[in-house]
Amino acid sequence: MIHPSKSPIVLVAARTMAPAIQVMAFYVIIHGHYSPGGGFQGGVLLAASLLLLRLALGDRVGRQQVTTGKATLWSAAGALAFAGLGALALAGSGNFLDYAAISWLGAEPAAARYYGMLIVEVAVGVAVAGALVSIYDDLLLGSTREDRGGS
Amino acid sequence: MRLVAEILLLAFLVIAAASSLAFRSLLAAAATFTIYSFVLALLFASMGAVDVGFTEAVVGAGVVGILLIATLHQTSRKSRS
């Protein structure tokens with residue numbers, strides 16, 4: 001079990017830095033078309049901010065908002081959204097992940113590809129963030145007494 | 001000027017890698033490994049591969065360091081070999 005840090009400097013620094021890292025993560029995910037970055041890097045940044053909170057504030061406080069179940073759900077939902085958008089393009093008689101074949105994304109192919117890429121970036125980011133957080137939780141799975149007791 | 005900077009970065013990369021292997025304390029080894037990743041990210045960025053450097057900085061210096069420290073929490077702090 002990870003205990004909360006005893007140093008107030010660590011606590012305040014972690015609480016202050018985590019929202020800034022999350023804003024940076026959203027920026028990297030959404031501007032993935034134009035600049036270096038994208039879904040994977042932004043998702044890793046998002047996971048890093050959540051893991052920073054978990055490492056600094058301890059298990060009880062750090063896992064309050066994003067629980068292990070929620071993280072697993074995020075990774076599954078992101079992968080499902082990615083594959084589902086590709087399958088929707090297949091259903092619209094296009095190739096896999098050919099966003100121009102999805103009619104509700106936009107009339108022009110360029111606009112449809114723009115929004116399709118944005119949706120896929122967000123899906124990849126959510127999937128990567130959830131997967132990394134649940135990997136961290138699985139690494140620490142045996143370390144609490146409640147885990148060993150099977151509750 | 002740029003060549004000097006790259007040579008300095010490469011020397012620092014080798015020092016960080018060697019010290020990460022040489023340290024007996026596993027916490028110090030994990031810390032120097034993140035330093036290695038960050039210097040490698042700077043080298044990638046200086047070679048013009050900004051996307052690769054960004055990925056290396058985020059994954060290598062961020063999440064892998066956290067995962068190594070979380071793994072250290074489950075084992076002992078010292079290497080026996």
Side-chain angles (χ1 to χ4, degrees), chain A residues 1-3 5 10 14 17-18 20-22 24-25 27-29 31-59 62-63 68 71 124-125 128-144 147-148, chain B residues 2 5-6 9-10 12-13 16-17 20-21 23-81:
Chain A
M1 175 159 190
I2 300 232
H3 294 288
S5 171
V10 172
M17 276 171 65
I21 298 175
Q22 281 169 5
M24 175 79 185
Y27 172 80
V28 167
I29 288 177
H31 283 249
H33 309 70
Y34 309 116
S35 55
F40 181 75
Q41 286 93 333
V44 173
L45 268 177
L46 192 58
S49 74
L50 297 174
L51 295 186
L52 175 68
L53 285 181
R54 273 166 202 237
L55 210 55
L57 304 184
D59 278 344
R63 295 189 187 187
T68 309
V124 169
V128 168
L132 281 172
V133 171
S134 63
I135 284 173
Y136 173 86
D137 284 349
D138 283 352
L139 269 181
L140 291 176
L141 194 60
S143 63
T144 63
D147 285 341
R148 284 196 205 107
Chain B
R2 184 170 173 157
E6 284 195 359
L9 278 179
L10 273 173
F12 202 54
L13 185 78
S20 167
L21 285 175
F23 272 130
R24 297 294 289 276
S25 159
L26 291 175
L27 190 62
T32 43
F33 189 69
T34 60
I35 293 174
Y36 165 83
S37 284
F38 194 74
V39 175
L40 191 59
L42 289 180
L43 265 175
F44 280 144
S46 81
M47 286 181 219
V50 184
D51 209 357
V52 182
F54 188 33
T55 310
E56 177 69 30
V58 165
V59 176
V63 169
V64 168
I66 295 175
L67 289 184
L68 282 176
I69 288 172
T71 314
L72 273 188
H73 190 261
Q74 302 276 63
T75 59
S76 64
R77 283 262 181 110
K78 294 270 175 195
S79 134
R80 289 221 192 94
S81 60

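Chain identifiers are assigned alphabetically (A, B, ...) following the order of the sequence lines, protein sequences preceding nucleic acid strands; residue numbering begins at 1 within each chain. The shown structure was predicted, so the numbers you read here are calculated from the model rather than taken from an experiment. Just so it is clear, the values below take in all heavy atoms, side chains as well, and ignore hydrogens, waters and symmetry mates.
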Atom CG of A/L139 and atom CD1 of B/I69: how far apart are they, to the nearest 0.5 Å?
12.5 Å
Closest heavy-atom pair, B/H73 versus A/L140, reported as atoms and distance to 0.1 Å, is ND1-CD2, 4.1 Å
At a heavy-atom separation under 4.5 Å, does A/L55 approach chain B through its side chain, its backbone, both, or neither?
side chain
Mind checking which of residues 30-43 of chain B sit less than 4.5 Å from chain A, heavy atom to heavy atom?
none
Tell me if the CE atom of A/M17 is crowded by more than 12 foreign heavy atoms within 6.0 Å.
no
Heavy-atom side-chain proximity of A/F40 to B/V58 below 4.5 angstrom:
no
Calculate, to the nearest 0.5 Å, the distance between atoms CZ and CD1 belonging to A/R54 and B/I66 respectively.
11.0 Å
Taking all non-hydrogen atoms of both residues into account, name the closest pair between A/Y136 and B/A70 and its distance.
CE1-CB, 3.5 Å
